[in-house]
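Below: the structure, in structure tokens.
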2 protein chains.
Amino acid sequence: MYARTPADLGRLVRWRRRALARTQQALADQVGVSRQWIVRLEAGRSTLEVGLVMRTLRALGLTIEISDPAEPAPVVLPHRPIDLDEVLAAVRRNP
Amino acid sequence: MYARTPADLGRLVRWRRRALARTQQALADQVGVSRQWIVRLEAGRSTLEVGLVMRTLRALGLTIEISDPAEPAPVVLPHRPIDLDEVLAAVRRNP
DNA sequence: CAGACTTGTCATCGTTCGGCGACATCAGCT
DNA sequence: AGCTGATGTCGCCGAACGATGACAAGTCTG
């Protein structure tokens, strides 16, 4: 899940918190912030402390990865992997 | 590159900025912040505005991905792909 | 080495953040 | 419908953020 803006972040945090069936207060207690701060984060406020944001993501069991999108995408295996043994057996039967 | 703390972020931003051969002032101008703010970010300050941090990462051509580490890692191909034609030719020569 | 450029540090100012308390509103259950 | 718990909103206060200017220190090049 990509986060381009604080609004993206806010939506993500709310979704995750609900997925974990947690209240704003419980999350706030875990992170060590006020419930109102969680409300602001979920509302997509851009002026929040980045350190607290990172702690909150961590409290939700999420990781933050920063990467360069210009790097080539990893090659993805086809849905049905080729059965190498089958191919080799066929060649052995009929080279 | 995972970022767990603002200090991680700061190191990453500095590394990337230097990789792009940019000065702090140039980056600051691009993002619309003061140079001193960039200094603080690179120093790993935790109390900076998250919106500005996200904008800075974007200005450096970086993306932010938030994910659940419990999800299975994607299958990655080995560094040297198997040359199927070679394998098949070998079997044809010596089944 | 000197000079130019870059980065680090400090202090000040106006604005606003985060915590708090309080209340309003919404959501779910019986 | 009433009740309970969860969430949204508002205002106030002290702390500190971000911009600015200035200077110190570090780095690089000819």
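Every chain is numbered from 1 and lettered A, B, ... according to where its sequence line falls, protein lines coming before strand lines.
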For B/G61 and A/P69, which heavy atoms make the closest approach, and how far apart are they?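 Distance-wise, the nearest heavy atoms are O-CD, 3.1 Å.
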Identify the heavy atoms of A/P6 and B/G51 that sit nearest to each other, and give their distance.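 Result for this residue pair: CG-CA, 3.7 Å.
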If I take atom [atom1] from residue [X] and atom [atom2] from residue [Y], how far apart are they, to the nearest 0.5 angstrom?
X     : Y     : atom1 : atom2 : result
B/L57 : A/I66 : CG    : CD1   : 5.0 Å
A/L9  : A/S46 : CG    : OG    : 11.0 Å
A/I38 : A/L27 : CD1   : CG    : 4.0 Å
A/M54 : A/E49 : CE    : CD    : 12.5 Å
B/L12 : B/L62 : CG    : CG    : 6.0 Å

Answer yes or no: is there a side-chain heavy-atom contact under 4.5 Å between B/R4 and A/R58? yes
Any salt bridge (Lys or Arg N to Asp or Glu O under 4.0 Å) involving residues 19-42 of chain B? Give me the pairs, sequence neighbours left out, ordered by first then second residue. B/R14-B/E42, B/R17-B/E42
Are there any protein N/O atoms within less than 3.5 Å of an N/O atom in nucleotides 3-7 of chain C, and if so, which ones and at what distance?
| unit_1 | atom_1 | unit_2 | atom_2 | d |
| --- | --- | --- | --- | --- |
| C/dT7 | OP1 | B/R17 | NH1 | 2.8 |
| C/dT7 | OP2 | B/Q24 | N | 2.9 |

Taking 5' to 3' order, which nucleotide of DNA chain D is first and which is last to have an atom within less than 4.0 Å of a heavy atom in chain B? D/dC17 to D/dA22
Taking A/Y2 as the starting point, is it possible to reach B/L60 by hopping between hydrophobic residues whose side chains are less than 4.5 Å apart?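 Per the 4.5 Å side-chain linkage, B/L60 and A/Y2 are not co-clustered.
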If two hydrophobic side chains count as joined below 4.5 Å and joins carry through other members, does A/V39 share a cluster with A/W15?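 No, it is not one cluster - the side chains of A/V39 and A/W15 are not joined through contacts under 4.5 Å.
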Over the length of the helix from C/dC1-D/dG30 to C/dT30-D/dA1, how much do the five-pair end axes diverge, rounded to 10 degrees? 60°
Using atom names, set out every protein N or O paired with an N or O of nucleotides 13-18 of chain C below 3.5 Å, distance rounded to 0.1 Å.
| unit_1 | atom_1 | unit_2 | atom_2 | d |
| --- | --- | --- | --- | --- |
| C/dC17 | OP1 | A/T47 | OG1 | 2.9 |
| C/dC17 | OP2 | A/R45 | NH1 | 3.2 |
| C/dC17 | O5' | A/T47 | OG1 | 3.4 |
| C/dG18 | OP1 | A/W37 | NE1 | 3.4 |
| C/dG18 | OP1 | A/E49 | N | 2.9 |

Which residues satisfy the side chain to side chain contact (heavy atoms under 4.5 Å, CB included) test with A/R55, sequence neighbours excluded?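 Applying side chain to side chain contact (heavy atoms under 4.5 Å, CB included) to A/R55 gives A/V31, A/L52.
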